[in-house]
A.B. asks: 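Mind looking over this structure? Questions follow.
If you read the sequence from its start, that first residue is 1, and numbering goes on from there. Bear in mind the structure is a predicted one, so any value in this text is a computation, not a measurement.
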Amino acid sequence: MLAIKRVATVLSNYQDDGYEIQEVGCGRNCLGNCCLPGEHDEISPFKEEQPHQLSFLNLLLGEWEERMRQGLFHYDVTNCVTKIIPGKYGFIAQLNEGRHLKKRPTEFRVDQVLQPFDDSKFNFTKVGQEEVLFRFEQSNNYKSHYFLATALAITADGNNSPNVVAINVSPIEYGHVLLIPHVLDCLPQRIDHSSFLLAINFAKEAANPFFRVGYNSLGAFATINHLHFQAYFLEVPFPIEKAPIPKIFTKKRVQDRGVIISKLLDYPVKGLVFEGGNSVQNLSDAVASACICLQNTNIPFNVLISDSGKQIFLLPQCYAERQALGEVRQELLETQVNHAVWEIGGHIVLKRHKDYDNASEESAWRLLAEVSLSEERFQEVKAYVLETARLQEKTNMKENKVNLNQVKDEANQKEDSLCKQPAAASQADQCIPYDCMVLH
């Protein structure tokens, strides 16, 4: 078992044991059975029954700002200084001294990507109802609808487990939220086809390339073992989005789903990039299948959903393993930087003034390179993904569209995998096409 000392940033006010609570139910006014209203009751007092005509992103940011006015965040992230580091990629450095001040010990192992849900640990059923912005649900008529609460009814009978959007009380950036699929089902932090399609449509509905969605697996700086994605708005290109991505994979079989898989070049972290697809479902299935493959082979990874869901970065990493083996330099450990999806994307949250003042493209590159797999290991991981997706590598770099076949949900497992849990069955065929329905 790898022995790594790690602490988790607080994502909810109710994750902090010292938070002052009201004596209602368990006293936390949470989303659990103890505090939920009865069946068909509504959390929100609003009663409007007509769709609320407001763009999705404006609605989300407006609700987020309202929670800021209510004082629900641990600090005002808009006061954190940020700069673009001069250089080819323009890495983004933020000084956020407040984010690491309130922490609690990590409550799960960091050497296993798949672990069962543990209700005794902090999870998102314990967040306060006031931290929830709205529900995000699939529509049945291909149109977007925004309701002010008529169907919010989160019930305690187990028959209704909504997808909820909640604030991250320790935000990295403006509009930092959590997307929690089927919150009452208490799913562990593992990607399946249904949840990943939800995340892509969350990015798609925002319809803004500067609103990005991210995912951290266990072992890759996820701090809560309860299925969730993160998202925020930052109106500058991410460095990873500027990296060259030659197309490298092509089809083995006849069926063409139009998904293009490329690899990152000339970037400190090795990774794969998924684009295209004849439908959102095609693209989602391709990435989800690759993620399931990595999960089943116990490879930690991060996912960045960019360009309103049109471009997706899959980034296997080995920082936890390197740290446990004592291979990470002390000077980098002392920075306390979390090598999570946002940092790997090039938005680096620094905790110390001297690191911020001395930040350079060279230091950013050196920091992120600690995460990356070796070339040999990356080739092995790439082979797993290729096999799972029924793909073969191209022998040249000519412009070519990549064709992706329907894949199995369960990936082939390595004999020496540390985690033998089966992949979840695909629910992709059961999903109603989006856009979406937001219930607030």
Side-chain angles (χ1 to χ4, degrees), residues 1-11 15 74-75 80-83 85 87 89 91-113 168 170-173 189 214-225 230 239-240 267-271 298-302 304 315-375 377-378 418:
M1 174 179 174
L2 298 180
I4 298 176
K5 181 180 179 182
R6 181 173 295 175
V7 290
T9 302
V10 176
L11 301 184
Q15 187 181 351
H74 285 171
Y75 50 83
C80 294
V81 292
T82 298
K83 66 181 178 182
I85 300 173
Y89 287 112
F91 287 100
I92 308 155
Q94 180 195 95
L95 178 61
N96 191 333
E97 295 179 288
R99 197 166 199 266
H100 72 299
L101 296 179
K102 288 190 175 182
K103 294 184 176 181
R104 60 187 291 148
T106 294
E107 297 179 309
F108 53 84
R109 295 175 58 174
V110 295
D111 61 342
Q112 287 192 350
V113 174
N168 185 331
S170 299
I172 286 177
E173 202 29 273
Q189 184 74 342
Y215 176 87
N216 301 314
S217 78
L218 299 186
F221 286 88
T223 57
I224 305 296
N225 187 22
Q230 301 187 44
I240 199 171
Y267 195 74
V269 182
K270 296 177 179 65
N298 201 41
I299 299 171
F301 63 93
N302 309 91
L304 178 66
L315 304 151
Q317 67 151 285
C318 61
Y319 188 81
E321 180 181 359
R322 285 175 53 81
Q323 186 178 355
L325 296 174
E327 296 177 353
V328 180
R329 285 172 293 176
Q330 184 62 31
E331 64 184 85
L332 297 180
L333 292 174
E334 290 174 354
T335 66
Q336 302 184 61
V337 169
N338 293 334
H339 293 74
V341 61
W342 308 119
E343 285 77 8
I344 293 175
H347 185 202
I348 304 173
V349 180
L350 300 170
K351 316 296 175 57
R352 303 185 303 181
H353 264 287
K354 70 175 184 178
D355 296 324
Y356 181 81
D357 293 339
N358 298 327
S360 65
E361 183 159 275
E362 180 181 5
S363 65
W365 192 283
R366 193 165 54 246
L367 191 67
L368 297 185
E370 293 291 336
V371 170
S372 187
L373 302 183
S374 66
E375 181 61 31
R377 182 59 174 151
F378 179 70
L418 296 176

A.B. asks: What residues form a ring pair (Phe, Tyr, Trp, His ring centres under 6.0 Å) with Phe91, not counting sequence neighbours?
C.D. replies: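 Applying ring pair (Phe, Tyr, Trp, His ring centres under 6.0 Å) to Phe91 gives none.
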
A.B. asks: Taking C-beta and beyond as the side chain, do Lys354 and Asp357 meet within less than 4.5 Å on heavy atoms?
C.D. replies: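 Not touching, per the 4.5 Å side-chain cut-off.
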
A.B. asks: Looking at Val371, Leu373, Leu325, which one forms a side-chain contact (heavy atoms from CB on, under 4.5 Å) with Cys318?
C.D. replies: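 Looking at Val371, Leu373, Leu325, the match for Cys318 under the side-chain contact (heavy atoms from CB on, under 4.5 Å) is Leu373.
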
A.B. asks: Apply side-chain contact (heavy atoms from CB on, under 4.5 Å) to the pair Tyr75 and Ser170, showing each step before the final yes or no.
C.D. replies: CA-CA 7 Å; Tyr75 50 83; Ser170 299; 3.9 Å; yes

A.B. asks: Is any side-chain heavy atom of Phe221 less than 4.5 Å from a side-chain heavy atom of Glu343?
C.D. replies: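 No, their side chains stay 4.5 Å or more apart.
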
A.B. asks: Less than 4.5 Å apart, any side-chain heavy atom of Val328 and any of Tyr319?
C.D. replies: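 Contact flag for Val328/Tyr319 side chains = yes.
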
A.B. asks: Given side chains that start at C-beta, do those of Ile344 and Leu304 come closer than 4.5 Å, heavy atoms only?
C.D. replies: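 They are not in side-chain contact.
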
A.B. asks: Do you know which two heavy atoms are closest between Ala359 and Ala93, and how far apart they sit?
C.D. replies: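 Taking every non-hydrogen atom into account, CB-CB, 4.4 Å.
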
A.B. asks: Could you tell me which non-hydrogen atom of Ala220 sits nearest to which non-hydrogen atom of Phe301, and how far apart they are?
C.D. replies: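 Reported closest heavy-atom pair: CB-O, 3.4 Å.
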
A.B. asks: Run the side-chain contact (heavy atoms from CB on, under 4.5 Å) test on Gln112 and Asn298 for me, step by step, so that the C-alpha distance in whole Å, both residues' side-chain angles and the decisive distance to 0.1 Å come before the verdict.
C.D. replies: CA-CA 6 Å; Gln112 287 192 350; Asn298 201 41; 4.3 Å; yes

A.B. asks: Looking at every heavy atom in both Ala364 and Ile348, which two are closest together, and how far apart are they?
C.D. replies: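 That closest heavy-atom pairing would be CB-CD1, 3.7 Å.
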
A.B. asks: So does Tyr356 get a backbone contact from the side chain of Lys83, meaning a donor-acceptor N/O pair under 3.5 Å?
C.D. replies: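 It does hold such a pair.
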
A.B. asks: I'd like to check the salt bridge (charged side-chain N to carboxylate O under 4.0 Å, His left out) partners of Glu173; sequence neighbours left out, ordered by chain and number.
C.D. replies: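 In terms of salt bridge (charged side-chain N to carboxylate O under 4.0 Å, His left out), with neighbours along the sequence ignored, Glu173 is linked to no residue.
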
A.B. asks: Please check if atom CD in Glu362 has more than 12 non-hydrogen atoms from other residues, nucleotides or ligands closer than 6.0 Å.
C.D. replies: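 Check fails, neighbour count at 12 or below.
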
A.B. asks: His347: which residues meet the side chain to side chain donor-acceptor pair (under 3.5 Å) condition with it, sequence neighbours left out?
C.D. replies: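 By the side chain to side chain donor-acceptor pair (under 3.5 Å) rule, His347 matches Tyr232.
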
A.B. asks: Do the side chain of Gln94 and the main chain of Ile172 share a donor and acceptor less than 3.5 angstrom apart?
C.D. replies: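 Looks like yes, one N/O pair under 3.5 Å.
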
A.B. asks: In the structure I gave you, are the side-chain heavy atoms of Val341 and Gln230 within less than 4.5 Å of one another anywhere?
C.D. replies: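 No, too far: nothing below the 4.5 Å cut-off.
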
A.B. asks: State, to 0.1 Å, how close Pro239 and Gly345 come at their nearest heavy-atom pair, and which atoms those are.
C.D. replies: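 Minimum heavy-atom separation between Pro239 and Gly345: CD-O, 3.4 Å.
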
A.B. asks: Holding to side chain to side chain donor-acceptor pair (under 3.5 Å), I want the full list of residues that pass it with Asn302, two or more places apart in sequence or in another chain.
C.D. replies: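 Result, side chain to side chain donor-acceptor pair (under 3.5 Å) vs Asn302: Asn216, Gln317.
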
A.B. asks: Step by step, would you call Glu370 with Gln323 a side-chain contact (heavy atoms from CB on, under 4.5 Å)?
C.D. replies: CA-CA 9 Å; Glu370 293 291 336; Gln323 186 178 355; over 6 Å; no

A.B. asks: Using ring pair (Phe, Tyr, Trp, His ring centres under 6.0 Å) as the criterion, list what pairs up with Phe378, not counting sequence neighbours.
C.D. replies: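 Checked Phe378 against ring pair (Phe, Tyr, Trp, His ring centres under 6.0 Å); zero matches.
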
A.B. asks: Spell out, as yes or no, whether a donor-acceptor pair under 3.5 Å connects the side chain of Ser372 to the backbone of Lys270.
C.D. replies: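 Indeed, once roles are kept as given, a pair shorter than 3.5 Å links the two residues.
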
A.B. asks: side-chain contact (heavy atoms from CB on, under 4.5 Å) for Leu350 and Val337? Distances and angles first, verdict last.
C.D. replies: CA-CA 6 Å; Leu350 300 170; Val337 169; 3.7 Å; yes

A.B. asks: Would you say the side-chain atoms of Arg322 pair up with the backbone N or O of Glu327, donor to acceptor, closer than 3.5 Å?
C.D. replies: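 Answer holds: yes.
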
A.B. asks: Give a yes or no answer on whether the side chain of His339 reaches the backbone of Leu367 with a donor-acceptor pair at less than 3.5 Å.
C.D. replies: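 Checking the backbone N and O of Leu367 against the side chain of His339, a donor-acceptor pair under 3.5 Å is found.
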
A.B. asks: Can you name the closest pair of heavy atoms from Leu315 and Gly271 and give their distance?
C.D. replies: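 Closest approach of Leu315 to Gly271, heavy atoms only: CD2-CA, 4.0 Å.
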
A.B. asks: Could you work out, with side chain to side chain donor-acceptor pair (under 3.5 Å) as the rule, every residue matching Tyr89, not counting sequence neighbours?
C.D. replies: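 Listed in chain order: Asp266.
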
A.B. asks: Answer yes or no: is there a side-chain heavy-atom contact under 4.5 Å between Lys351 and Asn338?
C.D. replies: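 Yes - at least one pair of side-chain heavy atoms lies under 4.5 Å apart.
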
A.B. asks: What heavy-atom pair brings Arg329 and Arg366 nearest, and what distance separates the two atoms?
C.D. replies: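 In terms of heavy atoms, the two residues are closest at NH2-CG, 2.9 Å.
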
